[in-house]
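A short worksheet on the structure shown next.
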Amino acid sequence: MKIRFFLLDIDYITEKKGLKIRLWGKTADGKNVVVFVQSNPYFFVFPKDIKKAQKDIEEILKGKNISVKGIEKIEKKLNGELKEFLKITCFLPQHTQKIRDFIKVLEKNRGGTGSIIEEYEYSINFYRRFLMDKRIDGNCWLEIEGEKLNTNYKVDLALNAKKIKVLEDISIPELKILAFDIETSEIAGEKQIVMASFYGKAFKKVITDQKSDYPDWVEVVKDEKELLQKIVKTFNEYLPDIIVTYYGDSFDFQVLMDRCQSNKVKLIVSRDKTETKFTRRARISSARLNGIVHLDIFNFISNILSPSLQTEVLSLDAVSSELLGDKKIEVDYQEMLEAWRKGKNLSKLAEYCLKDAELTYRLAEILLPQNFEITKTVGQILFDVSRMTYGQLVEWYLSRKASEKNEIIPNQPKYEQVLKRRKITYIGGFVKEPLPGIHEKIAILDFRSLYPSLIVSFNISPETLNCDCCEENGHKVAGLNYWFCQRKEGFIPSVIKELIEKRSQIKKKLKETEKTSLEYKVLYNRQYALKIIANATYGYFGFAGSKWYSKECAESCSALGRYWIKKTIEEAENKGFEVIYADTDSLFLKTKDGDIKQATEAFLDYINEKFPGMLELDLQGYYETGIFIPRGAAPGTAKKRYALIDKKGELLIRGLETVRRDWCNLAKEVQRKVLEFVLRDKDIEMAKQYVKEVVENIKQKQILLKDLIIYEELTKPIETYKQIGPHVMAAKKLRERGMEVGEGMLIMFIITKGQGSISQRAEPVEFVSLKEIDSDYYIYHQILPAALRVLQVLGVSEKDLVS
DNA sequence: ATGAATCGGGG
DNA sequence: GTGTACGATTCAT
């Protein structure tokens, strides 16, 4: 039979019958399907002497208890040049790595016969390799010809594939999305789940074992075990295609798993009825539910979205406020613990819990389309792509293109090499320090496409660097002794060029498309996906763990970038602009006299005419008022920092917010108000006055103790700390008073007056009264830094705020 | 001063 | 069934 479906997930299983890839997806008429495909993993050997290499390998394998499916001779490009390789096809995914380890001793530098020079692509994950080979993108439509199978899976249809065809179709079928959130409480130092919420299309549900009067969408069960069973049941009855969480990889699913183990409940959510497992990744483990995509949107927000967000605090509250214009229900942590303990206000907590799931769901509604398009562009699956950093997106995009162009994918550097690379530095982007103060009528020009353009125009790629053929007339980089090949297009420029060209085609099409249509949305997200990958490639050259690392390429990009931005600044100044600020790829202009819009438009026409190749300067926008903060002004100098306000009174703030939960509430409040005074009311005096009042209030103790609490987590057992920070000291004091203190506990403390370091004066909030607080700490370490972050630029100093 | 250690995000 | 964050803050030397 023949079916068509939208690919959601892929994995593989090893059964007695052999190794099978599983493709999971959904048909246009809402059926969930799984398709089994026969495939084998393999890797490549680059030989010195191909015949001897094959004999040597066969000899080694005879001595080990491991066999291969086959060894064949094939041709692949290594650094752009066609060479002969041995392709070793294996029976099991883990065999590629294992067999490689056995045969690497043949390399000369390891004291072997020298018949092998190097091995390649032995650590590429099996299903990722499958996607690359078959040219299948995650979230594409597939047409499968095959025979029906019987499984015990929770699917409508299972097939054994004979033929797979990738279809051209941009549509997305209706998917069942379910957001999930839990609330926990600490009882005798142990975390317990006390509430869970679910939010989907026309579906809302809260389950709890805490008795109280609730609205009808709350279900009360008798204990935690029943709560856990009910959670599992809800997942299985709703049977979503995608489960969305906010920080679920590191919290909700971790705790759920943990509690299920303690209560002997099986956490079976997957479609193949296997228990939830965590797949290890770099920093975090991810909860994987076979056949259901677990999307933890915090990953995407933190890895990809955060640079373009105004907020630097990536809490659900801050992110929802910015993206949805909606907030969490306000309950602070202390209040929540109190509520669980006393069984008070539980109805509000149920609302709170549901609201979290609702916000998570609505964020997913916005971010899923973007994720689908990035997934399609990179050519991997949603589960993985939604968790990738910029570097990983670039790496997997390049890997896919390498596979398409029959190029060998370079190996990942060894750890020692990464360390060595990290020590190498080169000069970064050019920064023209901002002129201090408030500026009016500003134009922002954007060079964002600067690096991709330069890579293409100058043919910057590891294998085109210092080629033999162009020593005389290659692309020269001013100030560096490098050149890039004029004759042969490099691998990276060729794939970047594809990205840029595809993107400009889409942008052209966007102009002819109805803005409210689905097609517009899809195309818009697609061009965004292409843009972020193209823009990240320069950084990837210089990233120490990169497979296509080249210090020379990265250095060339930044040198050329500096050259062009300086030239642009010069041109702008010649045309009568005042350049208030410039950083790497953006310029902030003001006219000395005349209309900013007219002058800017004329300048853009003029300069883009002059620029070579694909280089282009774009208008980012006009702003009424703005302040810019010099990189050196405050500690932490790497980020661009400014605040702007446009004609409609909309604020645009970058890099100014710093206050996280390890700052007290009062500091957060102060920073927010100061920004409002400065930008909205343009009244520095009022801002100063306000800060002075707060300072005075602290001195007079006219504040609430709860606004001074600092929250910090004990991330490991208390004995293992080498450095005793304030929260560790506070935790020790809790323990001395007979409280159980464990890993993962959120410590709430106050800095008190007295002798010694900050840590020594950190006291658990339970044992502090307002009169003991260290006013100086709160004034000089919390309130003033938060306020001065903004006010410093306006010439306000610490002295102006404390009399 | 400078470097090492630690944290966030979720509850 | 691979593995890269990073900027701010405080302690320790």
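For clarity, every value in this text was computed on a predicted model and none was experimentally measured. Lettering follows sequence order; numbering is per chain, from 1. Side chains are part of it too, since the values below use all heavy atoms of this structure and drop only hydrogens, waters and symmetry mates.
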Main-chain N/O of A:Q380 paired to A:R128 side chain as donor or acceptor, under 3.5 Å: no

When the ring centroid of A:F253 is compared with that of A:F278, is the distance short of 6.0 Å? no

Give the nucleotide from the list [options] with an atom nearest to the side chain of [X].
X      : options              : value
A:Y721 : B:dT6, C:dT4, B:dG9  : B:dT6
A:Y246 : B:dG8, C:dG1, B:dG9  : B:dG9
A:W396 : B:dC7, C:dA8, C:dG3  : C:dG3
A:R128 : B:dG8, C:dG3, B:dG11 : C:dG3

May I ask you to test the [X]-[Y] pair for a side-chain heavy-atom distance under 4.5 Å?
X      : Y      : answer
A:I124 : A:S399 : no
A:I747 : A:M745 : yes
A:I779 : A:L784 : yes
A:L349 : A:E183 : no
A:Y390 : A:I533 : no

Donor-acceptor pair present, [X] side chain and [N] base, under 3.5 Å:
X      : N     : result
A:Y127 : C:dG1 : yes
A:E713 : B:dG8 : no
A:Y247 : B:dG9 : yes

For a quick check of understanding: with a heavy-atom distance under 4.0 Å over all strands, which category does [X] fall into, base, sugar-phosphate or nothing?
X      : value
A:I182 : sugar-phosphate
A:Q97  : nothing
A:F278 : nothing

Measure [atom1]/[X] against [atom2]/[N] and give the value in whole Å, please.
X      : N     : atom1 : atom2 : result
A:L314 : C:dC6 : CG    : P     : 14 Å
A:N303 : C:dG7 : CG    : P     : 14 Å
A:D317 : B:dG9 : CG    : P     : 11 Å
A:F543 : C:dT4 : CZ    : C1'   : 3 Å
A:N299 : C:dA5 : CG    : P     : 14 Å
A:N125 : C:dG1 : CG    : P     : 9 Å
A:F749 : C:dT9 : CZ    : C1'   : 11 Å
A:H727 : B:dT6 : NE2   : P     : 9 Å

Angle between ring planes, A:Y540 versus A:W548, binned at 30° and 60°: parallel, tilted or perpendicular? tilted

Between A:H781 and A:Y777, what is the ring plane arrangement, given parallel below 30°, perpendicular above 60°, and tilted in between? parallel

Which one of A:T279, A:N303, A:D249 satisfies the side chain to side chain donor-acceptor pair (under 3.5 Å) criterion with A:R387? A:D249

Between residues 326-339 of chain A and DNA chain C, which residues have a heavy-atom gap below 4.0 Å? none

Does [X] make a side-chain N or O approach to OP1 or OP2 of [N] shorter than 4.0 Å?
X      : N     : value
A:T715 : B:dC7 : yes
A:W663 : B:dG8 : no
A:K547 : C:dT4 : no

Spacing of the C1' atoms in B:dG8 and C:dA5 (rounded, Å): 12 Å

Measuring only the P atom in each nucleotide, how far is B:dG9 from C:dT10? A whole number of Å is fine. 16 Å

Of A:G744 and A:E712, the one whose closest DNA chain B nucleotide lies more 5': A:E712

Under 3.5 Å, N/O pairs linking protein and nucleotides 10-12 of chain C:
residue	atom	partner	partner atom	Å
C:dT10	OP1	A:Y777	OH	3.3
C:dT10	O2	A:Q723	NE2	3.2
C:dC11	OP1	A:I758	N	3.3
C:dC11	OP1	A:S759	N	2.7
C:dC11	OP1	A:S759	OG	3.0
C:dC11	O2	A:Q723	OE1	3.1

With a distance cut-off below 6.0 Å to the six-membered ring centre and an angular limit of 45° from the axis, does A:R271 pair with A:W24 as a cation-pi contact? no

